[in-house]
2 protein chains.
Amino acid sequence: MTTPTASRRPITVQEQEFAERCARGRVVVIDDDAEILAALAALLDLEGYACETYGSALTYLQVLNYNRPYFSGPSCVLCDVKMPELDGLELQSRLTELDDAPLLLMSGASGAQEAASAFRAGALDFLVKPIDADTLLIAVAKALATSTARQTQRGRQAELALRIATLTDRERDIARRVAQGQTNPAIAEQLGIALRTVKLHRQRALEKVGASGTADLVRIADEGNL
Amino acid sequence: MTTPTASRRPITVQEQEFAERCARGRVVVIDDDAEILAALAALLDLEGYACETYGSALTYLQVLNYNRPYFSGPSCVLCDVKMPELDGLELQSRLTELDDAPLLLMSGASGAQEAASAFRAGALDFLVKPIDADTLLIAVAKALATSTARQTQRGRQAELALRIATLTDRERDIARRVAQGQTNPAIAEQLGIALRTVKLHRQRALEKVGASGTADLVRIADEGNL
DNA sequence: TGCGCAATTGCCCCAAGGGGCAATAATTGG
DNA sequence: CCAATTATTGCCCCTTGGGGCAATTGCGCA
């Protein structure tokens, strides 16, 4: 751990505001039309969101690949469907792998088929240009809410997975059986080991996963795919 | 219980086939165009689904109101959006109350806006006329799968709710606390009652909800909103 | 080859869970 | 007012769960 030699200056007003925007939500806007891009960004900025703009989906994906330690707050992607290299649907699938940001697709005067495809592909909403400001903001708000929900969910999953990973095979096995409702003596018999041993592993497992009791363990086992 | 005096005849071939179709899935088709209605019904029949047709959404809703003990197998509704009295979106909301059948909306050459609205309103898919047979069948299959999933979920919920309903207030209260991981002595102290009493209620609660042990109770409590 | 970790086990002790038996209140629908 | 239901409690007994202490094995890794 090398501490940066310089810079322990006070936090600037700009940084303060930026932080607040990030907490409110980040919106990634992708459109090959610079004007639209600017207009959308302006609107979103005005609403207090942190806004990033890209001229093509590819550009964004590249940035995503480098910048892996992704954004910690809620975020969503607002993207035009008819892109040259990579269309919205393609982006959706790639996005699912890299980030779990909800996708809002938009398009100028397109048919119902396109919209339906977008939804089938997992887009959260489909906005038709010219986009009404209110409609956009509602959609964005919903997308960010979805993002928050996903992150919460994933966060819990990940946390539990981490804890469970610290268990030894034996401990995991016994924890599973306990969560299934088996008693210590029963487990001991099934595994052909001493009761005392089962107790030991059970105890260790409980403290390793941070369960305060058996009830807790059951929930952790269920939620954490033990 | 009055047993029907007559009819204990063998099951006919027609009934046999009908039963099979029902098990495969029921599709309710609603469209004001009789030709389309017939065509869709023919296709669905051919695929082995049990198919009902209605000329308007209102008609179907009326039938639904009378025929409350609804269909037991998977089912979905395939409905045209531009109806005179009741449009697809309206139907969606009413449908949610009465039945939990997934809704597939269809429309002739409409815009992306309509499709987007349909999805926002909770439609499972949006099909554009003329409808491709494969597309239709895929959508129907997906809808029926969704229906099955919902029914399974609701079924379990309902079953647990029934069991929980048999608990007395005291038993429910204590069951809740047990599910939270509190020990009998702790509960006894908090409620200001004797340990023996807590044990008794706990025991009763366990057998009433059909839990084989504490682990089971925790799951039942979580899934059944105890 | 010695150390650290994981798995095991025996002994002992105490707290908590599960239940049988019997009895007392309190509430409530007939 | 009687009977059924629900709530309570005391006593006693046995099984489980939770842990301290100490000792023994194997097994990779430095």
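In what follows, chains are A, B, ... by sequence order, proteins preceding strands, each numbered from 1. Computed from a prediction, not measured in an experiment: that's the story for all the values here.
Whole-Å rounding puts the Arg170(A) CZ to dC27(D) C1' distance at 16 Å. We find that CG of Asp169(A) is positioned 11 Å from P of dT8(C), with the value rounded to whole Å. A straight line from CZ of Arg204(B) to P of dG17(C) spans 18 Å, rounded to a whole angstrom. Asp173(A) has its CG atom 11 Å from the P atom of dA7(C), to the nearest Å. Rounded to whole Å, the distance from CG on Leu200(A) to P on dG19(D) is 11 Å. Between Leu191(A) atom CG and dA7(C) atom P there is a gap of 12 Å when expressed in whole angstrom units. The separation between Glu171(A) atom CD and dC5(C) atom P is 13 Å, rounded to whole Å. Rounded to whole Å, atom C1' of dT24(C) lies 16 Å from atom CD1 of Ile193(B).
With hydrogens and angles left out, the side chain of Arg196(A) and the base of dG20(D) share a donor-acceptor pair within 3.5 Å.
In the set dT9(D), dG18(C), dG19(D), dG18(C) carries the atom at the smallest distance from any side-chain atom of Arg202(B). Checked against dG17(D), dA7(C), dT6(D), the side chain of Lys199(A) finds its nearest nucleotide in dG17(D). The listed nucleotides are dT16(D), dG20(C), dG10(C); the one nearest the side chain of Ala194(A) is dG10(C). Of the candidates dG18(C), dT16(D), dG17(C), dT16(D) carries the atom nearest the Thr183(A) side chain, counting heavy atoms from C-beta on.
A distance-only check finds a donor-acceptor pair linking the side chain of Gln151(B) to the backbone of Gly73(B) [under 3.5 Å]. Side chain of Thr59(B) to backbone of Gly55(B): no donor-acceptor contact under 3.5 angstrom is found.
Between Asp125(A) and Lys142(A) there is no salt bridge, since no side-chain nitrogen of the basic residue lies less than 4.0 Å from a carboxylate oxygen of the acidic one. Look at Arg172(A) and Asp169(A) and you find a salt bridge, because one of the NZ, NE, NH1 or NH2 atoms lies within 4.0 Å of a carboxylate O, short of that distance.
OP1 or OP2 of dG17(D) has not a single side-chain nitrogen or oxygen of Thr214(A) nearer than 4.0 Å. Using a 4.0 Å cut-off, some side-chain N or O of Thr197(B) falls inside it from OP1 or OP2 of dT9(D). Distances shorter than 4.0 Å separate none of the side-chain N or O atoms of Asn184(A) from OP1 or OP2 on dT16(D). Regarding contacts with the backbone of dT8(C), a side-chain N or O of His201(A) is found under 4.0 angstrom from either OP1 or OP2.
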Stepwise side-chain contact (heavy atoms from CB on, under 4.5 Å) check, Leu124(A) with Leu103(A): CA-CA 6 Å; Leu124(A) 202 70; Leu103(A) 177 62; over 6 Å; no
